[in-house]
Each structure stands twice: as structure tokens, then as C-alpha cells.
Visitor: 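This is the structure, below, for whatever I ask next.
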Amino acid sequence: MEISHILQSWYEENRRELPWRDTHDAYRIWLSEVILQQTRVAQGYDYYMRFVKQYPTVGALADASEDDVLKLWQGLGYYSRARNLHKAARQVVGQYGGLFPTRYAELIRLAGIGPYTAAAIASFSANEPVAVVDGNVYRVLARLFDVATPIDSTAGQREFGALADALLDRDHAGRHNQAMMEFGALHCTPTSPRCAECPLAEKCLALAAGTVGERPVKAGRVKVRERHLHYYLMKRGREILVHQRGANDIWQGLWEFPVVEEGAAEALAIKTAPTPPLFTLRHQLTHQTLTCDFHVVEVEGTTADVPAGYEWLTWEEWQKKAVAKPIFMANERFSAFF
Ligand code: SF4
């Protein structure tokens, strides 16, 4: 309990003032948590403000089309988060009459909400005594208790979950969780923890053992897959041929130019003369490295065969579609043609 009290007083003095911090509105807390997963606060801030403005209630978000939600999300990456956001909004309207749930047991059943997000919403909005364990919390715990169990192992998840729970101030669960996370984000940082001026220095076992730099331990990295994509800007006057990506691959529901993947069994049903790429963009996803070659093909006449799922759009109509980052960057280069 003493550790929690020290952390909470540190938090009161050092916390960042953020628009989702002082609300108990579960909808807004959920929005901020989903946006901030894998996103820096500085970038997430703008997106949060835009979402709250466009969709001030969960009902408004549920009424929107998935395309509109994806468009507003554009640039944040990890698009499954946006699709789940939309799905969960519809679940809240369908199952809870638009009143956002605040209990862990209900939250965990909504689309895209895992143990971390459910604990964050339940504790921040209703003070339910459940401990959050995110990357920052793993690091703080691994150092405070000098734990060498890998955080990405099943044993590690169990051990860290139990530690987080034992440390929780059950009467002030929301503030305790915020303090743990903020302390990891601002003070006990991955590469330059400020041990010399740390209020927990006397209690920190990794500091005493000289192992701060080795904590937390990670078991292993996931292999990164290399993919090579050829994109074709099929241009007919001011129109271009585009399609929406399907399920079971990256960027589901986002729009793009016709694409052929090297080594893929399925070829594009459009005949393209071999052309050298106009430019190449590299893009890094969590488990994939993409090399995207962009080609331009002028299409003559008006009767070009349109394969199923493809459509011709004017360059202006195309700008309204939600696209992944490499396509967004290619659009900027291609705009010179229109
Ligand atoms: S002493 Fe250093 S490693 Fe330990 S909690 Fe403080 S900042 Fe983190």
C-alpha cells in the first residue's frame, strides 16, 4: 500500500493534463484508450478531439457508417481497432440502450476490448478495483520487484497480473492505475529511468541489484514477414480504377489501387504491360515489412473490362476514401497527374 501511496502523490504533482483524465464518462475513456493503444499521446490527442466532436455520444458513433469511421481514423494505423470501435458502439446501443457499461465483466465482452482496456475503463469510470497491466506497468513492476520472468510468457503474465493486483489501492483504483501508467510513461521510462530522483528508489529491488537496464525481460521477437506489392494506378482521363480490401489480410475495409503481390497465387485479372515502377515506398507493420512499387498505366477508351469488386472513381471521389499510409503517400505523388 505504501508504494501505491507514493505513486499517487507523485501522480498528483507530475501528471499531464489530458482531456480524458478528469471525466468519468465511460464512452470518452473508452475512446481515448482505444485511440492511445500503439499511438503516442501527442498524435492520439488530435484524433481523440476529432472523434469526440464528430461522435459526441456512443449512439452517434453507432449510427455512422464503417467507411466514415475508417476515414476519420485514417493515419492512426492498426485499422482493426477502428472496425472494432464501430462494432462495439453498435453492441452498446443494441445491448445496453446506448448507456456505456462500466463493469469489467460487461466491458470484456465488447468488440476489441481486452483485459487491459476493460480494467482501465472500469477503474477510471467507476473505481472498480481491477488492476491495469499495460507495457508501462510491466516495466515498473519488473524493476520494482526485480522480476526476471519474461513479460511475454504465460508464466510472466500470471506473475505480473498477481503483482499488479497485490499492489492495487482498492479504494482508489482509478487513481492508482493512472499513477502506475503515468509513472512508467514519464519517470521509469524504457531507456532513461530517472533513478537518481525517484521517490521509489529505496524500495526498488532492480536498482539495488544493478539490473534496471535488464528489466523487463522479453522472451523472443516474432519473425517479420517480407512482402512485395506492385500497385497500378490505372488511369483513364481523370478517373482511376480502385477497390476495397477484403477480409483476412492487412488493411481490411480500406481502399487501394489494383495490386499484384509477388509470389501470390492469385493474379490481377487486368492485363498490365510490364512497366518499371515510378517510385517505391517501404512500410513497416508490426509483423510485416512491405515494399510497395507504384506503376502508372494509361487506359484507352471507355470499355475496359472492370473485374468484380473494382470501380472507376474520379480523382476527387477517390480523395474521400479511407486508405492506408503508403497509398496516402502515393496519392500525394500521383496528384501531379490530375
Ligand atoms: S529507481 Fe529507477 S528503476 Fe526503480 S522505479 Fe525508480 S526510476 Fe524505475
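Every number for a ligand or one of its atoms is a count from 1 in the order of the listing.
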Visitor: Show me the pairs that pass salt bridge (Lys or Arg N to Asp or Glu O under 4.0 Å) and involve residues 165-189, at least two apart or across chains.
Guide: E12-R175, R16-E182, R21-E182, D165-R170
Visitor: Answer yes if Y47 and M49 sit in the same cluster of Ile, Leu, Val, Met, Phe, Trp and Tyr residues linked by side chain heavy atoms under 4.5 Å apart, and no otherwise.
Guide: yes
Visitor: Salt bridge (Lys or Arg N to Asp or Glu O under 4.0 Å): which pairs involve residues 35-60, sequence neighbours left out?
Guide: none
Visitor: What is the number of protein N, O or S atoms that sit under 2.8 Å away from atom 8 (Fe) of ligand 1?
Guide: 1
Visitor: Which ILVMFWY residues can you reach from Y104 by hopping between side chains whose heavy atoms are under 4.5 Å apart?
Guide: I108, V130
Visitor: Between F279 and I240, is there shared hydrophobic-cluster membership here, with clusters defined by ILVMFWY side-chain heavy atoms closer than 4.5 Å?
Guide: yes
Visitor: Given the rule that I, L, V, M, F, W and Y join up when any side-chain heavy atoms are under 4.5 Å apart, are V133 and V217 in one cluster?
Guide: no
